[in-house]
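Below is one structure, written out as structure tokens; comments come after it.
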Amino acid sequence: MPTPTTDFSIFDGQQLVTYEPAGGTIVEDIPAIRRPLTQSRQRNVERYIELLPTDAVFHLEAAPLANSALAAGDTLTDGEGVVHEVLFVERQTLNNTVAVVCRPSAA
């Protein structure tokens, strides 16, 4: 059986993001992959919040965020400098990755 990996360098479209927890320390250069919301992800998240078509999911490497308290209301700045409001956070894959549902902030 293949060994699962959290090596983000194997994925196309990797970018480095900055995560700013509300009231916490900013964490920069976190490897991340962005993807659109899937219908299954929407069903799970929509139990808690109303989603918009512009919302996206970022999968973040969890190691740089190990000592950070992550929550809705935090901000994430993507590799292109766009600031996103964090709507939903879920630590996944044995705490090796973090899935973050975000919405671009109104500028």
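This is a predicted model, so every value here is computed, not measured. Starting from 1, each residue takes its place in the sequence as its number.
- Considering only heavy atoms from C-beta on, L16 comes within 4.5 Å of P31 through its side chain.
- Evaluation of the side-chain hydrogen bond (donor to acceptor under 3.5 Å, both in side chains) test over residues 17-32, restricted to residues two or more places apart or in two chains, returns Y19-D74.
- Going from atom CG of N96 over to atom NE2 of H59 covers 14.0 Å, rounded to the nearest 0.5 Å.
- Note on L51 and V57: same hydrophobic cluster, where clusters join Ile, Leu, Val, Met, Phe, Trp and Tyr whose side-chain heavy atoms are under 4.5 Å apart, directly or indirectly.
- The two residues P104 and T54 have their closest heavy-atom pair at CD-O, 3.6 Å.
- Side-chain atoms of V27 and S68, non-hydrogen and from C-beta on, do get closer than 4.5 Å to each other.
- Under the side-chain hydrogen bond (donor to acceptor under 3.5 Å, both in side chains) criterion, D78 pairs with R34, H84, not counting sequence neighbours.
- Rounding to the nearest 0.5 Å gives a distance of 11.0 Å between CG of L76 and CG of L87.
- Taking CD1 of I33 as the start and CD of E61 as the end, the distance is 10.5 Å to the nearest 0.5 Å.
- Rounding to the nearest 0.5 angstrom, the gap separating the CG atom in L94 from the CD atom in Q92 is 11.0 Å.
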Inset, instruction - I would like to know whether R35 and F58 meet side-chain contact (heavy atoms from CB on, under 4.5 Å); could you show each step before the answer? - result: CA-CA 6 Å; R35 69 171 177 80; F58 287 83; over 6 Å; no

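- Residues satisfying the side-chain hydrogen bond (donor to acceptor under 3.5 Å, both in side chains) criterion with R91, sequence neighbours excluded, are absent altogether.
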Inset, instruction - Could you check V98 against V89 for side-chain contact (heavy atoms from CB on, under 4.5 Å), going step by step and ending with a plain yes or no? - result: CA-CA 7 Å; V98 178; V89 177; 3.7 Å; yes

Legend entry - Check against side-chain contact (heavy atoms from CB on, under 4.5 Å), L65 and L60: CA-CA 9 Å; L65 297 165; L60 312 176; 3.8 Å; yes

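- A 4.5 Å side-chain heavy-atom check between T75 and V86 finds every atom pair outside the cut-off.
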